[in-house]
Amino acid sequence: MEQEIVSKNFIEQMIDKDLEDGVYDAVCTRFPPEPNGYLHIGHAKSILLNYGIAKKYHGKFNMRFDDTNPTKEKTEFVESIKEDIQWLGADWEDRLYFASDYFEKMYEAAVTLIKKGKAYVCDLTAEEIREYRGTLTQPGKESPYRNRSVEENLQLFEEMRKGKVADGARVLRAKIDMASSNMNMRDPVIYRVAHMHHHNTGDTWCIYPMYDFAHPLEDAFEGVTHSICTLEFEDHRPLYDWVVREVGFEQPPRQIEFAKLYLTNVVTGKRYIKKLVEEGIVDGWDDPRLVSIAALRRRGFTPESIQMFVDLCGVSKAQSSADYAMLEYCVREDLKLKKSRMMAVLDPIKLIIDNYPEGQTEELEVANNLENEELGSRKVLFGRELYIEREDFMEIPPKKYFRLFPGNEVRLMQAYFVKCESFVKDDNGQVTEIHCTYDPETKCGSGFTGRKVKGTIHWVSAQEAVQAEVRLYENIIDEEKGVYNEDGSLNLNPNSLTVKQAYLEPDLKQAKPYDSFQFVRNGYYCVDAKDSREGAPVFNRIVSLKSSFKLPKA
Ligand code: ATP
Ligand code: MG
């Protein structure tokens with residue numbers, strides 16, 4: 001039997017080595033969002049990467065809100081983030097943590113550093129600290145407060161905690177090396193005074209730890225082994241290592257960086273999306289044209305398709321950008337065999353079969369998915385009056401147009417051959433009705449082999465069809481012209497949303513939020529969870545059927 005070659009990404013290779021060397025005996029990862037916005041497709045990559053690794057190594061995956069910054073955080077985001085992660089299928093079991101729960105332990109860790117002579121209270125202003133810091137080419141200058149005694153530092157730090165120090169008047173700094181070639185190591189601030197209310201700890205604290213101090217501690221307290229983050233933290237790693245070493249953890253976590261996921265011509269920046277929401281250009285953070293996880297879910301993407309996409313993108317240290325078309329490819333692949341293929345007419349025009357007896361109807365048995373028998377079949381009503389797509393008829397057809405035109409015969413999908421005999425126009429020259437004759441011998445499944453037709457078109461029964469709103473989406477960005485205008489604003493596509501009143505098979509009337517279907521010859525559609533009403537679904541186009549995207553050869 002041929003052996004499957006499973007390639008491992010560079011993070012897994014590092015973990016393998018750590019396990020082999022006995023650095024750790026089990027694996028623990030985490031996802032540490034700041035609750036200051038909605039998660040997007042880039043976060044999905046981080047979530048699935050961390051969760052996937054924990055699962056692969058039979059380890060643990062922790063969920064932790066990095067809520068150490070009381071100004072920006074909101075409880076609303078905590079809830080949306082949890083919902084998104086659960087939907088993606090990443091399971092933190094009973095390990096849901098908040099960094100703010102560790103404030104006391106963080107304070108103690110700072111005291112440990114002070115006692116070791118590794119941290120000091122500094123009275124320089126923020127501006128002075130910046131000046132003293134030096135530049136990339138010049139070393140920094142030591143603060144005049146750097147050599148305060150341990151006792152004095154302990155006392156001053158306690159006063160900071162007790163609220164006796166005004167915001168910005170004093171900070172606690174790590175005592176590392178003002179001449180380090182790494183700017184992050186030049187006595188970074190690790191605690192600041194901020195008399196602010198915190199969503200979790202209320203007014204208990206008026207000092208808050210800085211990210212570079214808090215984050216490694218959070219990881220270490222939880223026994224995280226591999227702290228996977230994005231590339232911009234690479235230069236912070238020496239500080240991360242310094243903190244966990246100096247505070248004295250026996251099996252300190254290891255930070256590993258990978259490149260962020262970017263999508264070409266797609267906006268993910270919070271600042272821009274906030275503006276789109278505020279200006280009413282989009283219908284909230286979950287507008288189906290956005291790539292927040294909530295938006296992708298509402299549009300009809302599946303967790304499986306996002307997993308496939310993230311897997312295809314791979315994990316690396318090289319900055320790159322993926323095509324939205326690849327995400328579309330993934331959802332098509334995922335839905336292809338799972339969803340029923342229904343007939344829906346988006347831009348309807350009436351077709352009348354003149355030789356089909358008036359008042360007569362028949363039920364046709366139609367397979368739900370020709371590639372997957374397990375989805376069963378349904379009955380579809382056929383009759384004298386139908387709707388077909390306007391674009392499936394042309395008065396004067398161009399070459400290679402095989403659909404309906406005067407004198408031409410096509411197959412009505414799953415039904416009969418019909419031949420166009422005439423058509424009716426209104427005063428504006430718009431075609432309003434197409435008249436055909438059908439051949440009863442040609443019923444689908446009857447084994448008819450008498451002649452062939454080149455075109456097959458879909459239809460719905462005029463008697464039975466239900467009307468519904470269908471929304472077609474395009475990129476909110478005008479891709480032709482690039483993402484940004486010269487003034488830095490977004491280059492918006494005025495056609496990013498098209499609303500249609502479509503005719504659908506009657507079964508679709510009962511569709512529930514998040515149900516999705518293929519509309520034959522057209523695309524995949526999902527019931528909008530926000531705007532649909534019982535018995536009146538609104539459909540979002542997830543993706544069209546055709547694509548120029550080709551999976552790169554392995
Ligand atoms: P901000 O910097 O505005 O807070 P953020 O996207 O970094 O935004 P975090 O809540 O800090 O928000 O992110 C949580 C985790 O998701 C971090 O570990 C971060 O590295 C990771 N992450 C963020 N954006 C991406 C991305 N585009 N691709 C992969 N991982 C990402
Ligand atoms: Mg961040």
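Just so you know, ligand 1 is whichever comes first in the structure, and atom 1 is the first atom listed for that ligand. Only a predicted model underlies this, so the values are computations on that prediction, with no experimental measurement involved.
With respect to R146 and D187, a salt bridge is recorded, a charged nitrogen being found less than 4.0 Å from a carboxylate O. Salt bridge E131/R133: absent, no basic N to carboxylate O contact under 4.0 Å.
For the residue pair H43/D84, the side-chain donor-acceptor check at 3.5 Å is not satisfied. A donor-acceptor contact under 3.5 angstrom links the side chains of N540 and D528, judged on distance only. No side-chain N or O of N495 forms a donor-acceptor pair with one of E474 less than 3.5 Å apart.
Heavy-atom proximity to K270, at under 4.0 Å, picks out these atoms of ligand 1: 1 (P), 3 (O), 4 (O), 8 (O). Contact atoms of ligand 1 toward P33: 10 (O), 14 (C) (distance under 4.0 Å to a heavy atom of the residue). Every atom of ligand 1 is numbered from 1 in the order shown, and the set under 4.0 Å from a heavy atom of N36 is 4 (O). Remark: ligand 1 atoms within the under-4.0 Å shell around heavy atoms of T230 are 19 (C), 20 (O), 29 (C), 30 (N), 31 (C).
Side-chain N or O atoms of D219 include none that pairs as donor or acceptor with a backbone N or O of V224 at under 3.5 Å. Remark: side-chain polar atoms of R148 are paired, donor with acceptor, to backbone N or O of V121 under 3.5 angstrom.
Residue nearest to atom 24 (N) of ligand 1, selected from R271, K260, R30: K260 (by heavy-atom distance). In this structure, of E257, E34, H43, H40, the residue bringing a heavy atom nearest to atom 10 (O) of ligand 1 is E34.
In terms of N/O distances under 3.5 Å, ligand 1 is approached by L261. Any N or O atom pair closer than 3.5 Å counts here, and K45 shares no such pair with ligand 1. For ligand 1, one of its N or O atoms has an N or O atom of G42 under 3.5 Å away. Distances between N or O atoms of E232 and those of ligand 1 include no value under 3.5 Å.
Looking at F213, Y191, Y107, F103 one by one, the single match for ring-ring contact (aromatic ring centres under 6.0 Å, His included) with Y208 turns out to be F103.
The closest approach between a heavy atom of Y262 and any atom of ligand 1 is not below 4.0 Å.
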